Amino acid sequence: MEAYKKLRNSIIKKKANIAVIGLGYVGLPIAIEFVKAGFNVFGLENDIDRINKLQKGESYILDVETEVLRKLVNGEKFHVGSGSGILRHADVVIVCVPTPLRKTKIPNISYIIKAIRAIAVNLKSPSLIVLESTTYPGTTRDVVMPILKRRGFREGKDFFLAFSPERIDPGNTKYSLMNVPKLVGGTSKNSTDLAYVLYSQIIKKVVCVSSSEVAEVVKLLENTFRIVNIGLINEFAMLCHKFKIDVWEVIRAAKTKPFGFMAFYPGPGIGGHCIPKDPLYLSWKARKAGFKTKMIDLASKVNSFMPAYAVERVKDILGGKIRGANILVLGVTYKRDVKDLRESPALEIIELLKWRQANVSYSDPHIPYLRIKNIDLTSSKLSKAILAKQDCIILVTDHSGFDYHFIAKHAKRIFDTRNVFDSYNVRSKNITAL
Ligand SMILES: NC(=O)c1ccc[n+]([C@@H]2O[C@H](COP(=O)([O-])OP(=O)(O)OC[C@H]3O[C@@H](n4cnc5c(N)ncnc54)[C@H](O)[C@@H]3O)[C@@H](O)[C@H]2O)c1
């Protein structure tokens with residue numbers, strides 16, 4: 001009880017030192033909010049490039065403004081570095097490290113394990129540890145907790161442990177870290193309460209669930225909901241094309257129903273660090289429990305077929321001949337207006353086009369150079385001459401910076417996988433939508 005009260009008080013009085021491990025898309029914004037709220041924050045990052053940028057006050061994350069960052073790193077409350085010894089002074093440690101997939105598409109939680117080992121070696125008793133990295137159910141209790149216990153630390157006395165999924169949506173200007181309810185689920189009641197008190201210092205609404213397992217699964221449900229619905233609408237798009245029906249019109253009309261329908265949109269495939277990967281964490285864990293997640297597996301299959309489908313449609317537009325054709329890929333990041341290539345379907349589309357011996361180029365204001373395996377490309381500036389030279393332009397990422405009127409005016413053929421030209425009221429016979 002003493003440990004719990006002591007920690008609770010130090011958080012409420014903002015005297016607790018907070019360490020954030022992993023200063024990426026998730027960790028950096030969180031660290032910054034705690035600094036702004038008046039906490040002393042240690043940011044741990046092992047990418048030297050990122051550390052150098054941070055120390056110069058340069059932001060590499062779209063949602064973190066360089067000006068804000070510069071002020072904070074030059075202040076007294078935000079200390080960034082890569083030495084884990086600093087954890088000896090932390091009362092709270094928030095873990096925001098990557099959780100990728102292995103080549104075999106199974107979860108790779110090695111970053112979590114490494115981070116927790118570093119915490120275990122340097123643990124200050126009592127501490128609150130919160131895992132934010134998306135992972136399969138049971139990680140917090142069955143993987144993280146034993147690492148701490150093995151070094152002799154006692155739950156509820158030396159450490160409290162919780163899972164809190166991150167719901168950040170990079171580039172979203174309406175919903176930020178601060179105005180999206182934050183979920184917390186601990187391995188004990190006191191752990192949940194401490195995590196609740198912690199996040200209440202920076203976020204308006206914090207929602208407690210009964211366990212760390214529930215919190216872990218909620219995040220996976222949210223992302224599975226998206227992968228399944230995107231898979232469904234992608235299948236619908238391919239079906240509507242067969243029927244010669246405009247799927248975009250169908251969605252627009254269905255959306256007029258005020259209940260029981262939520263619009264999802266087809267596209268060239270899914271990307272980013274979360275949607276393609278998180279449901280596979282769940283299906284892997286389900287398999288271990290002897291359960292087959294048919295919906296997830298099917299949706300993943302449909303979605304991963306989309307880049308090849310997009311290339312097939314380009315082939316049709318070109319009258320069946322891709323070899324030797326000049327094809328420009330418009331937008332290569334995984335989503336609009338972000339500088340993030342992770343799992344972007346554009347990469348597979350470019351590879352497939354190259355494999356079919358097209359002359360591929362691309363244009364993306366956020367990505368000046370692109371390297372995919374042995375393919376090296378430089379972003380083309382969209383001039384009249386460059387556009388006119390292309391046999392087909394394939395719109396993959398609908399950045400708001402593109403001049404859609406100009407592109408449509410000078411391009412011979414456009415395949416629009418996002419129906420973005422239509423949304424800018426640019427309509428022309430040379431544009432085909434997915
Ligand atoms: N990016 C998103 O939109 C998003 C949204 C919700 C959840 N998530 C989840 O959050 C987690 C982090 O994602 P991200 O997008 O911030 O990843 P990221 O790759 O941008 O950042 C993670 C950082 O952790 C650093 N790191 C790894 N191990 C470390 C260690 N032992 N010590 C110090 N630094 C270490 C890496 O160098 C990297 O900079 C993942 O589990 C992801 O699935 C991401």
Side-chain angles (χ1 to χ4, degrees), residues 19-33 41-54 58-64 79-87 90 93-102 107-122 129-137 139-140 143-144 147 163-172 175-177 180-183 215-216 218-227 270-282 333-344:
V20 177
I21 305 186
L23 298 176
Y25 290 86
V26 168
L28 186 58
I30 287 168
I32 284 178
E33 288 313 324
V41 176
F42 310 122
L44 250 89
E45 173 53 62
N46 59 10
D47 178 331
I48 295 305
D49 207 42
R50 284 187 162 179
I51 284 288
N52 287 341
K53 283 202 170 108
L54 283 172
E58 266 174 44
S59 176
Y60 43 81
I61 303 286
L62 178 77
D63 301 321
V64 173
H79 320 272
V80 293
S82 44
S84 53
I86 198 76
L87 293 170
V93 188
I94 302 174
V95 180
C96 307
V97 296
T99 43
L101 289 170
R102 296 196 184 276
N108 174 1
I109 60 162
S110 62
Y111 293 93
I112 295 182
I113 292 173
K114 218 172 146 203
I116 301 299
R117 280 188 184 147
I119 296 172
V121 169
N122 297 292
I129 297 154
V130 185
L131 179 63
E132 289 221 11
S133 305
T134 308
T135 184
Y136 56 79
T139 309
T140 310
V143 179
V144 173
I147 298 174
F163 184 81
S164 178
E166 185 46 64
R167 290 163 151 179
I168 211 160
D169 182 18
N172 192 327
Y175 294 111
S176 66
L177 178 65
V180 176
K182 184 97 174 115
L183 291 187
E216 287 161 338
V218 172
K219 173 72 188 172
L220 298 176
L221 170 63
E222 289 167 6
N223 282 353
T224 301
F225 174 79
R226 292 190 57 199
I227 198 178
I270 47 173
H273 189 47
C274 297
I275 307 296
K277 170 210 72 164
D278 297 351
L280 300 184
Y281 265 65
L282 187 58
T333 61
Y334 86 88
K335 74 184 267 197
R336 181 195 318 149
D337 297 342
V338 301
K339 192 184 174 177
D340 191 345
L341 281 171
R342 288 181 291 181
E343 309 288 328
S344 173

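None of the values given here were measured: they were computed from a predicted structure. Whatever order the structure lists them in is the order used to number ligands and atoms, beginning at 1. Computation of the quantities below employed the complete heavy-atom set of this structure, encompassing side-chain atoms and omitting hydrogens, waters and symmetry-equivalent molecules.
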Open item on the list: List the residues meeting salt bridge (charged side-chain N to carboxylate O under 4.0 Å, His left out) with E216, not counting sequence neighbours, and say none if there are none.
Closed with: none
Task: Between OH on residue Y281 and CG on residue N223, distance to nearest 0.5 Å - done: 12.5 Å
Open item on the list: Restricting to side-chain contact (heavy atoms from CB on, under 4.5 Å), what partner residues turn up for K114, sequence neighbours left out?
Closed with: none
- [ ] Compile the protein residues with any heavy atom at a distance under 4.0 Å from an atom of ligand 1; present them by chain, then by number.
- [x] I21, G22, G24, Y25, V26, L44, E45, N46, D47, R50, C96, V97, P98, T99, Y111, S133, T134, E166, I168, P170, K219, H273, C274, K277, R342
Task: All salt bridge (charged side-chain N to carboxylate O under 4.0 Å, His left out) counterparts of K182, not counting sequence neighbours - done: E132, E166
Task: Main-chain N/O of Y334 paired to R342 side chain as donor or acceptor, under 3.5 Å - done: no
TODO: Taking all heavy atoms of V64 and all of P29, pick out the closest pair and write down the distance.
DONE: CG2-CG, 4.0 Å
